*Asks:* 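Here it is: the structure, laid out below.
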Amino acid sequence: MRKFLAVTAVTVMALTACGRSTEPTGAAADASAKPADITVGVAMPTKTSERWIKDGDYIKQQLEAAGYKVNLQYANDDIPTQVTQLQDMVTKKNGVLVVASIDGTALKGALADAKADNIPVIAYDRLLRDTDAVQYYTTFDNLKVGKLQAESLLQGLEASGAPKPWNVELFAGSPDDNNATFFFNGAMEVLQPKIDDGTIKIASGETDFKTVATLRWDAAVAKKRMENVLTKAYSDKDVNGVLSPYDGLSRGIIAALKGSGYGTGGKKLPVVTGQDAELESVKSILAGEQYSSVFKDTRELAKATVTMIQQILEKKTVEVNDTTSYDNGVKKVPTQLLQPVAIDKSNVKDVLLKANYYTADQLK
Ligand code: GAL
């Protein structure tokens, strides 16, 4: 169990402030400021993935319900656009910034400006790297996500009855997203021993993070790589399992597999993992195509973030439950970690309906 601990916003701001003054001068400094006087800037990476649309919606709804104004921006997965959006939030004196970055290292300049204006910055889901301008981080246990994916892959392979050694291929997420490394490392903690003892074979020979990474989490890139791997290494055998770190990629991978004859006749689709419980992938799981996903309740992440914002602005104790796992290259960022849940055909309806994440109608 991680030790529960709490730090005060004032302490952290005083410890991390540098250059100008150690006293906050922005909205965070003005204890008399009412929520209605404060605009929270929310920078989201893209609308191409269902999860980020939900994240943005939930954060906006919850902040507005708490009385704040919200400046919600999406950056189309384009780094210069996100930089401009952040600079604009600083210029407009938004009171707090919530940032889900595209590239975790690319926002240093804009974040330094926020810090100089004593605007607190929260990294949302993805860690902001190489900067001392980030105060807090809210996310899910990303290492655990990777472990759950690998455990589910092994479980699916066992259940598939495929003879050992199992032929598996590995995919990772975007190399500029800190989470991608955590997911991959978590998964490899579980898979490496099976590779070492010969239970799993990677016929492509592609096992290092850089080679298997997928820039910008782009499904088309994953589809292409799966096609290439099938051509290169599977002309005389079948692939039995694919480690995929995110539902969008899983759908691209499954499309490549179907294009090569898997899923018809006697050629079974391999066990394919995923993440985010996106509706299309949940339907694919129910249809017996994608094997599993990892459910991360984005409403809870939004809630944790809104609570953190209130604690910062009201100068209350800011609750975090992890101060060691997320070193951003400059500092260990105090983090509120939430728990991910593995889902597959056996529990997907149960978990998602119970959580009211989807309606029964949506899952028909
Ligand atoms: C990660 C996030 C995952 C997935 C992925 C692609 O940063 O933690 O849940 O959404 O991005 O969008």
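Order of appearance sets the numbers: ligands from 1, and atoms from 1 within every ligand. Remember, predicted model here, so these are calculated numbers, not experimental data.
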*Asks:* Output the list of atoms in ligand 1 that are nearer than 4.0 Å to some heavy atom of Lys296, sorted by atom number.
*Replies:* 2 (C), 3 (C), 8 (O), 9 (O)
*Asks:* Donor-acceptor pair, distance only, cut-off 3.5 Å: does the side chain of Gln149 make one with the backbone of Tyr246?
*Replies:* no
*Asks:* Give me the residue, atom name and distance of the protein heavy atom closest to atom 10 (O) of ligand 1.
*Replies:* Asp276 OD2, 2.6 Å
*Asks:* Does NZ or CZ of Lys147 lie under 6.0 Å from the centre of the six-membered ring of Phe183, at an angle within 45° of the ring axis?
*Replies:* no
*Asks:* For Asp177 and ligand 1, does the shortest N/O to N/O distance drop below 3.5 Å?
*Replies:* yes
*Asks:* Give the contacting part of Trp52 toward ligand 1: side chain, backbone, both or neither, where contact means a heavy-atom distance below 4.0 Å.
*Replies:* side chain
*Asks:* When clusters are formed by joining ILVMFWY residues with side-chain heavy atoms under 4.5 Å apart, either directly or through shared neighbours, do Val229 and Val272 land in the same one?
*Replies:* yes
*Asks:* Could you point out which residue of Asp125, Thr298, Asp247 forms a side-chain hydrogen bond (donor to acceptor under 3.5 Å, both in side chains) with Arg51?
*Replies:* Asp125
*Asks:* For residues Pro340 and Lys296, report the shortest heavy-atom separation together with the two atoms involved.
*Replies:* CB-CG, 4.3 Å
*Asks:* Do any nitrogen or oxygen atoms of Ser49 lie less than 3.5 angstrom from nitrogen or oxygen atoms of ligand 1?
*Replies:* no
*Asks:* Closest non-hydrogen protein atom to atom 11 (O) of ligand 1, residue and atom name please, with distance?
*Replies:* Arg126 NH2, 2.9 Å
*Asks:* Using a 4.0 Å heavy-atom cut-off, say whether Tyr124 meets ligand 1 through its side chain, its backbone, both or neither.
*Replies:* neither
*Asks:* What do you reckon, does Asp125 have a nitrogen or oxygen under 3.5 Å from a nitrogen or oxygen of ligand 1?
*Replies:* yes
*Asks:* I need the single residue from Thr138, Asp55, Thr305 that forms a side-chain hydrogen bond (donor to acceptor under 3.5 Å, both in side chains) with Tyr124. Which is it?
*Replies:* Asp55
